[in-house]
Amino acid sequence: VPPFLLPVFFALLWVGAEVLGSVGFSLGTLGEGSSVNSFFSFGYLGYALGVHELLIQGARIAGVYGLSFFGALLGYGIWVLSERLSQPRFWWGSIIVGCILFITTPDYENTTPLYDGPTVAIIDTRFSGNLHQTIDGELYKQTQIKEAVAAALAIAPVPAYIILPEDSHLTNPSLTPIGAYRLFRFQSGDPSSVVIDSGQVTVDSKSALRATVYDGVLKTAYVTDKQYLVPQGEYMPTFYALILQLLGQGDTVTGLAKKLSYYPGPLASQAELPSHVPGILFCFESANPRAVRKLLQERKVPFIAHPISHGWFHESHILWQQQDVMLKIQALWNRTAIISAGNMMRGALYTKTGEKITPTPAVAGESWQVSVVRLEE
């Protein structure tokens, strides 16, 4: 490699190694609910640069891949300086100070709605992961969800969109789309809002996570299924199951397999949904750096709805911080707003310019709160 191309070669090698590491993760977590892919991007160098308000703008070129490339170039340049300059102490001191400033650069959250377009109601909830394991727990959850939706619809003006956290089960996702819409209309009074719900559904004796979109504009509903599942959370990786069996924990494997039994659903495409319906980015799919780009290649969307549930993690601040950077980078790269609604976490608007807007709750109940943001016209 010519000397002047060494930095570029090094940076490309770095990005390639990160992608290869993602493929390795998928191999290590293969199971009936997964495939070989390069989706898992936690730990990419680009996310470290993404916490910086100025450097994150580099994501406009190639998302987190571009930021990782730039970060590797920067690291290579620092190494060359430390090797060649006659006063290394000066440069090492500058590097240390620069790293401290970089790491501690505040990542401000704008809490003021920026735009004057259609309103989106974000419903956040606080339900633990084991609540659905009892009849009383499930009834309580359903009562709270319906109260939250009613409160969102009572906001003036009525929100154009309402997003529920993942696995909210506003209605039965096993119903046909038109049946689900009729039940929703009966429960909610035939609103003109577009409401995004999701829940577990059984297809050919297998469980899938299905989103249902109640379209109050065209008076119908649409469904789409989650494709990228959480290892150890939604399915049991074969390698892990084998290790447990070798350790004499076969009963544990059997028990976990019953609880972690999701599969990618058959409804993989969102291409047939109308253009006024947002794209659906399921929980954990944000770890795939190309997930939003794929949705935008299928059709035009007003924004991306991102229902999340951290019912098993609860208040995992490290996970939240990494997820925030992922969503800001994807929104910036694809010039498309992403709006999340969370269980056991706060929903937010991630703007086309790479900002995060955490709105102030407009109304709250026992286990839920509703916030409102506005889209850009």
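Two residues are said to be in side-chain contact when any heavy atoms from C-beta on lie closer than 4.5 Å; Val277 and Gln270 fail this criterion. Inter-residue side-chain proximity for Tyr140 and Ser367 is flagged as met; some heavy-atom pair is nearer than 4.5 Å. Using a 4.5 Å heavy-atom threshold, the side chains of Tyr76 and Trp14 count as separate. No side-chain heavy atom of Gln330 sits under 4.5 Å from any side-chain heavy atom of Ile304. You'll find the side chain of Tyr240 reaches within 4.5 Å of the side chain of Thr29, heavy atoms only. Contact of the Tyr262 side chain with the Gln200 side chain is registered, since non-hydrogen atoms from C-beta on lie closer than 4.5 Å. The closest side-chain heavy-atom distance from Tyr263 to Val203 is not below 4.5 Å. Residues Leu375 and Ile339 are in side-chain contact: their nearest non-hydrogen atoms beyond the backbone lie under 4.5 Å apart.
Taken from CG in Leu49 to OH in Tyr44, the straight-line distance is 15.0 Å, to the nearest 0.5 Å. Expressed to the nearest 0.5 Å, how far CD1 of Ile163 lies from OG of Ser340 amounts to 8.0 Å. Tyr214 contributes atom OH, which lies 8.5 Å from atom CG of Leu164 (distance to the nearest 0.5 angstrom). Atom OG of Ser168 and atom NZ of Lys141 lie 6.0 Å apart (nearest 0.5 Å). A distance of 10.0 Å separates CZ in Phe282 from CG in Leu229, rounded to the nearest 0.5 Å. Rounding to the nearest 0.5 angstrom, the gap separating the CZ atom in Phe25 from the OG atom in Ser38 is 12.5 Å.
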Where do His169 and Ile145 land on the side-chain contact (heavy atoms from CB on, under 4.5 Å) test, with the steps shown first? CA-CA 8 Å; His169 279 105; Ile145 288 291; over 6 Å; no

Determine whether Phe69 and Leu12 satisfy the following criterion, side-chain contact (heavy atoms from CB on, under 4.5 Å), listing intermediate values before the conclusion. CA-CA 6 Å; Phe69 180 86; Leu12 288 173; 3.7 Å; yes

Could you walk me through whether Ile308 and Gln323 pass the side-chain contact (heavy atoms from CB on, under 4.5 Å) check? CA-CA 11 Å; Ile308 309 170; Gln323 183 174 264; 3.4 Å; yes

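Through direct or indirect side-chain contacts shorter than 4.5 Å among Ile, Leu, Val, Met, Phe, Trp and Tyr, Ile135 is connected to Leu139.
Proximity of a side-chain donor or acceptor of Asp124 to a complementary backbone N or O of Gly347 within less than 3.5 Å is detected. Of the possible polar contacts, one joining the Arg374 side chain to the Gly117 backbone as a donor-acceptor pair under 3.5 Å is found. Remark: side-chain polar atoms of His306 are paired, donor with acceptor, to backbone N or O of Leu281 under 3.5 angstrom. Counting only distance, with no hydrogens or angles, the side chain of Thr125 and the backbone of Phe127 share no donor-acceptor pair below 3.5 Å. Thr336 places a side-chain N or O within 3.5 Å of a backbone atom of Asn334 that can act as its donor or acceptor partner. Judged by distance alone, with hydrogens and angles left aside, the side-chain atoms of Thr351 form a donor-acceptor pair with the main-chain N or O of Thr353 at under 3.5 Å. Proximity of a side-chain donor or acceptor of Arg335 to a complementary backbone N or O of Leu332 within less than 3.5 Å is detected. In this structure a side-chain-to-backbone donor-acceptor pair under 3.5 Å is missing from Gln232 to Val230.
When every heavy atom of Ser207 is checked against every heavy atom of Ser261, the shortest pair comes out as CB-O, 3.6 Å. When every heavy atom of Ser286 is checked against every heavy atom of Met326, the shortest pair comes out as O-SD, 3.8 Å. For the residue pair Leu153 and Ser193, the shortest heavy atom distance occurs at CD2-OG, 3.7 Å. Scanning both residues, Thr202 and Ser174, for their nearest heavy atoms gives N-OG, 4.4 Å. What you find for Pro289 and Trp333 is that their closest heavy atoms are O-CZ3, 3.4 Å. Contact detail for Lys328 and Glu355: the closest heavy-atom pair is CD-C, 4.1 Å.
If you chain together hydrophobic residues whose side chains sit under 4.5 Å apart, Val201 and Ile196 never meet in one group. One hydrophobic cluster, built from ILVMFWY side chains closer than 4.5 Å, cannot hold both Ile338 and Ile329; they sit in different ones. Connection of Val223 to Leu273 is not established within any shared hydrophobic cluster, with ILVMFWY side chains joined at heavy-atom distances below 4.5 Å, either directly or through further cluster members. Both Val158 and Ile155 are assigned to one and the same hydrophobic cluster, defined by single-linkage of ILVMFWY side chains at heavy-atom distances under 4.5 Å.
Between Phe284 and Phe40, the ring planes lie tilted relative to each other; the angle falls in the 30° to 60° range.
Sorted by first and then second residue, the pairs that involve residues 163-192 and meet salt bridge (charged side-chain N to carboxylate O under 4.0 Å, His left out), not counting sequence neighbours, are Glu166-Lys226, Asp190-Lys219.
Checked against side chain to side chain contact (heavy atoms under 4.5 Å, CB included), Phe39 has the following partners two or more places apart in sequence or in another chain: Asn37, Tyr228, Asn288, Arg290.
Taking a 6.0 Å sphere around CZ of Phe42, one finds it holds more than 12 heavy atoms contributed by other residues, nucleotides or ligands. Other residues, nucleotides and ligands contribute only 12 or fewer heavy atoms inside 6.0 Å of the CD1 atom of Ile61. Annotation: Gln142, atom CD; neighbour count of heavy atoms from other residues, nucleotides and ligands within 6.0 Å is above 12.
Of the residues Leu349, Val372, Ile122, the one that meets the side chain to side chain contact (heavy atoms under 4.5 Å, CB included) test with Pro359 is Ile122.
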